[in-house]
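We're numbering straight along the sequence, starting at 1. Here the structure is a predicted model, which means the values were calculated and not measured. Whatever order the structure lists them in is the order used to number ligands and atoms, beginning at 1.
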Amino acid sequence: MQDSGSSSQRKRPRPLVLDVHVPAESRSYPVLIGRGMLSRIGTELRQRLGGANSVALITDANVARLHGAAARSALEAHGFQVVPIVVPAGEAHKNMPSLLGVLEQMISGGLGRRDAVVALGGGVIGDLSGLAAALFMRGIPIVQVPTSLLAQVDASVGGKVAVDLPGAKNMVGVFHFPLFVAIDPEVLSSLPDRELAQGLAEMLKHALLFSGDHLEQLLGRADAIYARDVDVITPLVATSVGLKAACIGRDPWEQGEAGKGRVLLNLGHTMAHAIEAASNYEVPHGDAVALGLRAAARVSELKGVAEPGLEPMVTQALARLRLPQDLDAWLVGDRGAAVERALAVDKKRVGGTVSYVALARVGEPLVLPLTPREILGLLRQRAQMPAE
Ligand SMILES: NC(=O)c1ccc[n+]([C@@H]2O[C@H](COP(=O)([O-])OP(=O)(O)OC[C@H]3O[C@@H](n4cnc5c(N)ncnc54)[C@H](O)[C@@H]3O)[C@@H](O)[C@H]2O)c1
Ligand SMILES: [Zn+2]
């Protein structure tokens, strides 16, 4: 395939194209995954949005420095006037002041209702830009160009966009499905290992929920992933996106009955949210999910829905993927008390119980209605008390 708009002489394989079907919108949006996708975003956008003149290219300060120029030239090569908008990096900026700042820059940059937003960055940028696109002139198209592994396998796919309120994550948001998602695994070469691990936690979640094969691949290729081997990462990202896509395709608007659809994607997240809140958001999301996955395995075993051995298996997987494993540190003492308080205010609680996602085995999730007290009681049954 011609590599228009890129000065690179390297022969690039045609990107693998994965089509995410979103039936509720009576359309589907493609997730384009492949080496060199960043250099193709202009071509892809021009094909789908012939009439657009301007594009707001929203990114954070880190990603702007590393990949901003490549994205900009890919868009300019296809005649788009680029309005660059750079937000400081970090979750602290996924808020209402940033949203207003972005919207104001879209107006002053001359964007119109036929134009589009390109979100180039991690999940913070994807969520913030998606909400800005949804609100601007009652909604203009958003293209998601995720640059963190977490955003590639999770945040960019599914159409959920939001910003945080003080002390309340993702509290102001809507569904705004992307025009397309462009995933270039090559950009992961600049992503720090700690950030890569955050995405691996969500990939492990997808594997535990839906696919023993994916689990085997992920664990067998962990070192190659950390070495940023694009040939290894590309199919793994595609599989993980495909597993999430199939799940949200069954329940795009998160209205599925208990036990089906999007609710399953909360595997590990009940405890993850509690640990994040208890740590004042100092524990990153993927690390918290890692501990939450171990918790889900323990609860599944102790409720008798899974065979013994699931928790040690998940713990080994976490070690292999260089993710934290010390769940017990969050069950006792001051941290345990803070987790208990956070669990009690979990926003997904209905009538005193949480829809707790458990596993009968790998690839076989189920939902148990449990109270926060029952969850903690089960987890503490097996918690090792600290030495002193
Ligand atoms: N919408 C959804 O469905 C959904 C799902 C999961 C998570 N999220 C949201 O995603 C956010 C977390 O996403 P995240 O982990 O990507 O955080 P992030 O956007 O803060 O990115 C993490 C860090 O990596 C940097 N970075 C990103 N790409 C890089 C690259 N290629 N090279 C070097 N540095 C790079 C960023 O600048 C940032 O410092 C949270 O706000 C969470 O709520 C949303
Ligand atoms: Zn998550």
**Message:** Please compare Q198, E195, K169 and report which has the shortest non-hydrogen distance to atom 43 (O) of ligand 1.
**Reply:**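 Heavy atom nearest to atom 43 (O) of ligand 1 belongs to K169.
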**Message:** Counting only heavy atoms, tell me which of V157, V187, V63, D164 gets closest to atom 31 (N) of ligand 1.
**Reply:**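 Considering heavy atoms of V157, V187, V63, D164, the nearest to atom 31 (N) of ligand 1 sits in V187.
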Is it the side chain (CB and beyond), the backbone, both or neither of [X] that lies under 4.0 Å from ligand 1, heavy atoms counted?
X: H67; value: side chain
X: D60; value: side chain
X: L66; value: side chain
X: T147; value: both

**Short N/O/S contact of E202 with the Zn ion (ligand 2) (below 2.8 Å)** =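 Of the N, O and S atoms in E202, at least one lies under 2.8 Å from the Zn ion (ligand 2), which means yes.
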If you look only at distance, which donor and acceptor atoms sit under 3.5 Å apart when one is on a side chain in residues 110-123 and the other is two or more places apart or in another chain?
unit_1: D115; atom_1: OD1; unit_2: N53; atom_2: N; d: 3.0
unit_1: D115; atom_1: OD1; unit_2: S54; atom_2: N; d: 3.1
unit_1: D115; atom_1: OD2; unit_2: G112; atom_2: N; d: 2.8

**Prompt:** Any ion pair linking R373 and E340 (charged N to carboxylate O, less than 4.0 Å)?
**Reply:**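 R373 and E340: not salt-bridged.
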Among all protein heavy atoms in this structure, tell me which lies nearest to [atom], with the distance rounded to 0.1 Å.
atom: atom 39 (O) of ligand 1; value: N62 ND2, 3.1 Å
atom: atom 41 (O) of ligand 1; value: E91 OE1, 2.5 Å
atom: atom 8 (N) of ligand 1; value: A155 CB, 3.6 Å

**Item:** 4.5 Å side-chain heavy-atom contact, L204 and L208
**Value:**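 Yes, side chains in contact.
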**Request:** Go through the structure and list residues passing side chain to side chain donor-acceptor pair (under 3.5 Å) with S98, not counting sequence neighbours.
**Result:**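 N95.
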